[in-house]
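Beneath this line is the structure, given in structure tokens, with notes to follow.
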Protein chains: 2
Amino acid sequence: MATIYEVAKLAGVSLATISRVINQTAPVRESTKIKVEAAMKELGYRPNSVAQSLATNRSNSVGILVSELGGPFYSELISRIEAEFRNAGKHVIIAAGHSHEEVERERIEFLMSRNCDALILHVESVSDEYLQELAEQNKAFVIINRSVAALSDRCITLDNQLGGYLATEFLLRKGHKRIAYISGPMWKNDASERYKGHLQALKEYHIEEDISLFYEGDFQETGGVHGFAHLSAKHSKHSELGFTALVCGNDEMAAGAMAVAHDRGLDIPHDLSIVGFDNVNFSHYTYPKLTTIDYPIAEIGQMAARWVLKHVYKQDIERIQSVFKPRLMLRDSC
Amino acid sequence: MATIYEVAKLAGVSLATISRVINQTAPVRESTKIKVEAAMKELGYRPNSVAQSLATNRSNSVGILVSELGGPFYSELISRIEAEFRNAGKHVIIAAGHSHEEVERERIEFLMSRNCDALILHVESVSDEYLQELAEQNKAFVIINRSVAALSDRCITLDNQLGGYLATEFLLRKGHKRIAYISGPMWKNDASERYKGHLQALKEYHIEEDISLFYEGDFQETGGVHGFAHLSAKHSKHSELGFTALVCGNDEMAAGAMAVAHDRGLDIPHDLSIVGFDNVNFSHYTYPKLTTIDYPIAEIGQMAARWVLKHVYKQDIERIQSVFKPRLMLRDSC
DNA sequence: GCCTATTATGAAAGCGCTTTCATTTATAGC
DNA sequence: GCTATAAATGAAAGCGCTTTCATAATAGGC
């Protein structure tokens, strides 16, 4: 790769001038500009962004940390964030924290050492205190899908409890009385919030929590499979299910449960109604199509990107919405 | 962030020594090492990897360029590549080329200007010549899912034609005679190869190509929806389908077609057999579960990562497999 | 055509690190 | 205890760029 020195020599000007035409940071006479551009072209010159970054302490790139790179949920999130930044001429560096505290920390440090201008964090294991410290170090970052009270101005979240409420309330309104629940790992904030919403709805309808209708899964398909097996084993008298509806903490688990229900010869929604959560891309590939709670993940990603654009790159962004509302996507599984 | 200078001052040694304990590039007396480590810890020092990268011309990061960040296919690919590199202490920088030539070029240049030690490219629009030039510039990169004859030692591909063959041959063996085909965009290499395999199987069974049974879709769900509508409109006499089986260029389109077929009251597999391609994560969430061709995308990603580990980071990797074989995943849709 | 007010350009330091080469310090041999 | 050798350390240049400050070129006014 040609360096700025070679360009300068070829064009017969100094480094500073080259830099000025690259960055338009000061006026350059038209004639010299043309010379420089010709030289750059001839050498196929491209500024070394590492050197630029070192000199300016800016990298024009933002770090994104998610739990996993795979899966429909994160990939949609990442995809949207990238699109938003690409529009603005910024780039993304992506890392996965795997819901593991050490890894999350390590990744954050990596992204910081990479001189990212800002971070977008979807972290689950690192403590609130750690994040607060980070904020005190004056690092620019937004948090997605988690609310830290002291950092509320930089948290972009979904009202998970409302989502859980909507799912269950809908079923109750439909007349269901015995509603099973397969949750994600309860230590994860979103999982427990969703369940809270479920309980809230039950309470409103004067139905008591029945923990035999509860199963804590893993947010994966297998969680749904095992959960359904577990719940139905417990509750089937005369091969009949002990519940008429099932709420799942996310769509993967709903799909897993649905598959097992099919295998058992159950007719959905006739014998059993199922509601998922997330409205992930494949949720309308299931049969019957899954009724679920829409998680506007793309919009949240977009908003996080805008937060960065506004606060770090000083772009003129109107309003940053920090709490998003989920809504029920009524399809065929109820 | 503390710099190496501050650490040096605090520890009472020179920069060089600090550098040596960080990189273990030369022996350091145990006692000074301890001093240095204490100083680093006290200051919360982390080497600035941008500066490191500038000084060493190495970044310990590899660039990945895929067509899209979203979707099950790419996210699995990325996820596996990242996992492989994380194990090796390397990091990934991800970009999306959106199947658009200009964007692909621009992204490649970006990744190069970022000083990536190597690139893993999944590009569709950039020309073979461009890639060859890149190779001549002595840039380390592997190409995924595309074979460029002159660069065959750095291409890792799936035998797409074999996949197409397997799908159709299976149906023919089952006795199907009229097999419709919904393809991806034919300008994309993998789409046309798959179709080639389809034709090859037909030929083997002495069945002539019937272009009224062919539809060129977009590799998206909608392609399947429109494709099915198109094919069935053309062929239904007395509300009966003109074909008994349908091969789709990928699973998304298969899922789309399947949904429409359901809506039309068709019983799958009784009235119609469907085969997809890719064996993407949701393909067993469909109902009935989709028979498809397994695309070992994770393995391909892994192999690409190993190529880099071997050729760029000089790790001791045995064999690099460059062509992968697909296989039929027999499930319930046939 | 000369002086001043602008505007364009260049020289050089600095960003935080690595690495070579020279120097200092420790170790061993006698 | 003194030299010969090996081991540990430091000084300084360099990676490719930006940016400040000083200087050179130009334009304008008379």
Side-chain angles (χ1 to χ4, degrees), chain A residues 1-40 43-61 91 109-117 137, chain B residues 1-40 43-61 91 109-117 137:
Chain A
M1 247 348 205
T3 73
I4 201 173
Y5 290 91
E6 307 172 35
V7 178
K9 203 159 112 196
L10 182 61
V13 299
S14 74
L15 306 195
T17 302
I18 309 289
S19 174
R20 286 192 264 260
V21 350
I22 294 173
N23 304 298
Q24 301 170 343
T25 167
V28 169
R29 194 172 328 137
E30 192 59 23
S31 61
T32 77
K33 190 173 178 175
I34 289 174
K35 274 193 304 185
V36 169
E37 276 165 352
M40 295 204 298
L43 295 171
Y45 172 75
R46 268 227 133 196
N48 176 330
S49 60
V50 173
Q52 288 187 126
S53 175
L54 183 61
T56 57
N57 202 23
R58 258 297 167 81
S59 64
N60 279 322
S61 66
H91 299 281
E109 301 216 318
F110 160 67
L111 292 170
M112 285 175 31
S113 84
R114 261 274 174 286
N115 229 346
C116 289
D117 298 333
Q137 282 173 44
Chain B
M1 254 335 213
T3 73
I4 201 173
Y5 290 91
E6 306 172 37
V7 178
K9 202 160 114 199
L10 182 60
V13 299
S14 75
L15 306 195
T17 302
I18 309 290
S19 174
R20 287 192 263 260
V21 350
I22 295 172
N23 303 298
Q24 302 171 343
T25 168
V28 169
R29 196 173 323 139
E30 192 58 25
S31 61
T32 78
K33 190 172 179 176
I34 290 174
K35 272 193 305 185
V36 169
E37 276 164 351
M40 296 205 299
L43 295 171
Y45 171 75
R46 267 229 134 196
N48 176 330
S49 60
V50 172
Q52 289 186 126
S53 175
L54 184 61
T56 58
N57 202 24
R58 258 296 167 82
S59 64
N60 279 321
S61 65
H91 299 280
E109 302 217 318
F110 160 67
L111 292 170
M112 284 176 29
S113 84
R114 262 271 173 291
N115 228 346
C116 289
D117 299 332
Q137 282 173 46

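Values reported hereafter were calculated over all heavy atoms of this structure, with side chains retained and with hydrogens, waters and symmetry mates removed. Lettering of chains follows the sequences in order, A, B, ..., and the numbering in each one begins at 1.
- Atoms CG (Leu15(B)) and C1' (dG14(D)) sit 13 Å apart, rounded to a whole Å.
- Taking each heavy atom of Arg58(B) and Asp117(B) in turn, the nearest pair found is CD-OD1, 3.2 Å.
- Side-chain contact check for Met40(A) versus Ile22(A): some heavy-atom pair is nearer than 4.5 Å.
- Using a 4.5 Å cut-off on side-chain heavy atoms (C-beta onward), Tyr5(A) and Ile18(A) make no contact.
- Here Asn48(A) lies in heavy-atom contact (under 4.0 Å) with sugar-phosphate atoms only.
- Between Leu10(A) and Glu6(A) the shortest side-chain heavy-atom distance does not fall below 4.5 Å.
- Distance NZ (Lys33(B)) to P (dA7(D)): 17 Å, rounded to an integer number of Å.
- When the C1' atom of dT19(D) is taken as reference, atom CD of Gln24(A) falls 17 Å away, rounded to whole Å.
- Residues meeting the side-chain contact (heavy atoms from CB on, under 4.5 Å) test with Asn23(B), sequence neighbours left out: Ser19(B), Thr25(B), Gln52(B).
- Between dG10(C) and Ser14(A), a contact under 4.0 Å exists linking OP1 or OP2 to a side-chain N or O.
- Comparing dG16(C), dT19(C), dG16(D) by their closest approach to the side chain of Tyr5(A) singles out dG16(D).
- The side chain of Pro27(A) sits closest to dA8(C) out of dC15(C), dC17(C), dA8(C).
- Comparing Ile22(B) and Ser31(A) by the nucleotide of DNA chain C that holds the closest heavy atom to each, the one mapping nearer the 5' end is Ser31(A).
- Taking atom CD of Gln52(A) as the reference point, atom P of dC17(C) lies 19 Å away to the nearest angstrom.
- Counting any heavy atom pair closer than 4.0 Å across all strands shown, Ser49(B) reaches no nucleic acid atom.
- The CG-C1' distance, from Leu54(A) to dG16(C), rounds to 6 Å in whole Å.
- Taking CD of Glu37(A) as the start and OG1 of Thr32(A) as the end, the distance is 9.5 Å to the nearest 0.5 Å.
- At dG10(C), one or more side-chain N or O atoms of Thr17(A) fall inside 4.0 Å of OP1 or OP2 (strictly under the cut-off).
- You'll find that the side chain of Tyr45(A) is closest to dC17(D), out of dT18(C), dC17(D), dG10(C).
- At the phosphate of dG16(C), neither OP1 nor OP2 sits under 4.0 Å from any side-chain N or O atom of Thr3(B).
- Using a 4.5 Å heavy-atom threshold, the side chains of Asn48(B) and Met1(B) count as separate.
- The NZ-C1' distance, from Lys9(B) to dG16(C), rounds to 16 Å in whole Å.
- For the pair Glu30(A) CD and dT7(C) P, the computed distance is 17 Å after rounding to whole Å.
- Among the heavy atoms of the strands lying under 4.0 Å from Val13(B) are primed sugar atoms or P, OP1, OP2 only; no base atom is included.
- Between the CD1 atom of Ile4(A) and the C1' atom of dT19(D) there is a distance of 12 Å, given to the nearest Å.
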Checklist entry - Where along nucleotides 20-25 of chain C does protein come under 4.0 Å, by heavy atom, of base (B) or sugar-phosphate alone (S), with - for untouched nucleotides? => result B-----
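- Using a 4.5 Å heavy-atom threshold, the side chains of Arg114(B) and Ser53(A) count as separate.
- Within the structure, a side-chain polar atom (N or O) of Thr32(B) is placed less than 4.0 Å from OP1 or OP2 of dT9(D).
- Residue Pro47(B) has its side chain nearest to dC17(C) when only dC17(C), dG16(D), dG10(C) are considered.
- Nucleic acid contact for Asn57(A): none, since no nucleic acid atom lies under 4.0 Å from a heavy atom of the residue.
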